[in-house]
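To start, the structure itself, in structure tokens.
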2 protein chains.
Amino acid sequence: MTAPVTIADVARLAGVSTVTVSKTLNNTGRISDETRARVIQAARDLGYVANPAARRLRGARTNLVGMVVPELVSPYFAEVARAAAEAASSAGLDLGVFTTSRDPARERERVAALSGGLADGLILVVPTDDPQHLDVLQRSRTPIVLISHFGTPTDLPNVRADSYHGAHAATTHLLDLGHRRVGFIAGADGSSQAHERLRAYRDATGERGLLDPDLIRPGNFTQRRGFEAARELLDLPDPPTAIFAASDATAFGAMDAVKDRGLRVPQDISVVGFDDIAAASQSHPALTTVRHPIHDMSDSALRLLSGALAGEAVRGTVLDYPSELVVRETTAPPRSS
Amino acid sequence: MTAPVTIADVARLAGVSTVTVSKTLNNTGRISDETRARVIQAARDLGYVANPAARRLRGARTNLVGMVVPELVSPYFAEVARAAAEAASSAGLDLGVFTTSRDPARERERVAALSGGLADGLILVVPTDDPQHLDVLQRSRTPIVLISHFGTPTDLPNVRADSYHGAHAATTHLLDLGHRRVGFIAGADGSSQAHERLRAYRDATGERGLLDPDLIRPGNFTQRRGFEAARELLDLPDPPTAIFAASDATAFGAMDAVKDRGLRVPQDISVVGFDDIAAASQSHPALTTVRHPIHDMSDSALRLLSGALAGEAVRGTVLDYPSELVVRETTAPPRSS
DNA sequence: TTGTAAGCGTTATCAA
DNA sequence: TTGATAACGCTTACAA
């Protein structure tokens, strides 16, 4: 229950003014070596840490960056947060992660609190696509960088991952292997990413005249639904020989269903996921999937934010990263080909 | 690029003093209904949000709670963070999550910054067990609650999950099913939880005279290592009929290895995990595992923190939660019994 | 090289 | 019921 050590305590112990302490600790202004040593020693003895609130209030930086994500349980967001934390750390910044539970009101509050004085800058991952909300963001004096914002255009810097190309490549990969009936287990309704993945699947199969609505099953990104949907697919009179799932979790569920039927992956049924979560490369057989360049994206987001903090003009920047097919062990030519 | 709206702006628009605005918005002091209405309207019109830094500096609350976790990629910590965020939310608090990447220095910095003025309170998950570090924590004027601290005793409130009992129950469960050779794939070296799980396994098998060092394999909590270790186990001259893995990910790796050998779970080999991550209940067969009551723990941690914030004496409180065996579909009697 | 003074936005105290 | 004043801890002119 020690009262917090203030700059005044350090100044007193070192026998100098608070200004000298501030200058010393922030490496600003000229300080004699002797004084500097004394101040640093005093600060260390006292365990002094500058009060970020005071610092921030004064207009100085806090070195705290806030990241607002819908949730952390999905490995995708957890990985984005991790990558951003690493990138922040090497930029000398701290990253605080805040979740909204996909509640727009919560998102607004969080942004308000953070941009209102706690954080130097903000990174919003998949922000709510509400024009009024986005308008508030645009007006913010605190630098804001968006990750994967699709929809209403803004001039905020935006780092996005495209789902379409990877999903198209994945479907084409299966088609090229010789599959003529490729099932699709969709993502959650209302997710723009899920929509893009479905659109790519439709386009790729349509291009070869192989689009069959029966092969498309609704989903919600979960493993459980992947299991059920795959069963539905396998129960079809003319079942698919390959399944493309809109998430890795869904793909694992589908693999469970296939194995549960006594079939083998990939010999009997090929399976492709989307996301490249850690388990994708660790499972056996390792999952063929599509990857967003999460690390590159987080790095870029932080570079943009650092730039903005340093006064660079980053408004209007849009970085579109392609998604990339990662071929592993769950895809092979169909039995009958 | 709007300059932030301050309390002075609101006061000006409402034609009152800043004090009146503050009182109105914080429901402190007597304000006439008429004035109150005008102030609230003005605040709304301007989109005013109090500057947390200023508020905090003045000694008032920020409603921000900081949580420091080793990392977020492991589903366990992600789940702890999620549960805590929910609990915080229903207590009217915001939860900011900070990661340390298991770097003690990073942890110290984060704690210092957070407790030094940004957050009202702190929750540290598996804090570094360094006496000096813990001493600093104990002296902190900002309330701190520990989650799963084992080791050097402190009088900080501590909410812990026991791994021993669940692990013992899991091993006994397999033994009770009739298994006489139960393999164990350990967790990471240096993790106290991993150590407890191994100890429980040793004790439970030892009690029945069924302890065989050959059946214990090193691990690191990963799925990959689970796969390899399970292979080693299956390659033994006298292989186990059941495998207990120190984490769910490891258990999934082990299941992959079993299936890869053309064996079935649980008919040929039973598998038990530890953690009860989301995938455990969603996989097929659903994984028998051991669960820490993460939600109860996070709830308790937040209740303790709220209490401390409200001036209650919570020092010395230690809440020990038992881990619990969750029997699902991956365990069955051995073939030969 | 060092220190004085002012002010960041807010709220608690006290007086009106 | 309302408002003037001071203070929280820090940093940035500006002066010495």
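Just so we're on the same page: letters track the sequence lines, and every chain starts at 1.
- Residue B:Thr152 forms a side-chain hydrogen bond (donor to acceptor under 3.5 Å, both in side chains) with just one option from B:Asp129, B:Asp135, B:Asp130, and that option is B:Asp129.
- The CZ atom of A:Arg61 sits 18 Å away from the C1' atom of C:dC8 (whole-angstrom rounding).
- Here the side chain of B:Ile7 is nearest to one of D:dT11, C:dG3, C:dT10, namely C:dT10.
- When the nucleotides C:dG7, D:dC8, C:dG3 are ranked by their closest atom to the side chain of B:Leu57, D:dC8 comes out on top.
- Heavy atoms of B:Ala50 sit under 4.0 angstrom from primed sugar atoms or phosphate atoms, though from no base atom.
- Side chains of B:His295 and B:Arg82: a donor on one and an acceptor on the other come within 3.5 Å.
- Interface remark: the A:Arg58 side chain does form a donor-acceptor pair with the D:dT11 base, using a distance-only criterion of under 3.5 Å.
- Checking D:dG9, D:dA13, C:dT10 against the side-chain heavy atoms of A:Val19 singles out D:dA13 as nearest.
- Salt bridge status for A:Arg303 with A:Asp299: absent, with no side-chain N to carboxylate O gap under 4.0 Å.
- No donor-acceptor contact under 3.5 angstrom links the side chains of A:Thr154 and A:Gln138, judged on distance only.
- Heavy-atom nearest nucleotides on DNA chain D were determined for B:Thr20 and for B:Ala54, and the one closer to the 5' end corresponds to B:Thr20.
- Each of B:Gly15 and A:Thr18 was assigned the nucleotide of DNA chain D with the nearest heavy atom; the assignment lying further toward the 5' end belongs to B:Gly15.
- Close to D:dT2, at under 4.0 Å from its OP1 or OP2, lies no side-chain N or O of B:Ser17.
- Within the 4.0 Å cut-off from OP1 or OP2 of D:dT2, at least one side-chain nitrogen or oxygen of B:Ser32 is found.
- Dashed line: the shortest gap from a side-chain N or O of B:Asn26 to OP1 or OP2 of C:dT11 is under 4.0 Å.
- Between the side chain of B:Arg55 and the base of C:dT10, no donor-acceptor pair of N or O atoms lies under 3.5 Å.
- Within 4.0 Å of A:Thr35, counting heavy atoms only, lie sugar-phosphate atoms of the nucleic acid but no base atom.
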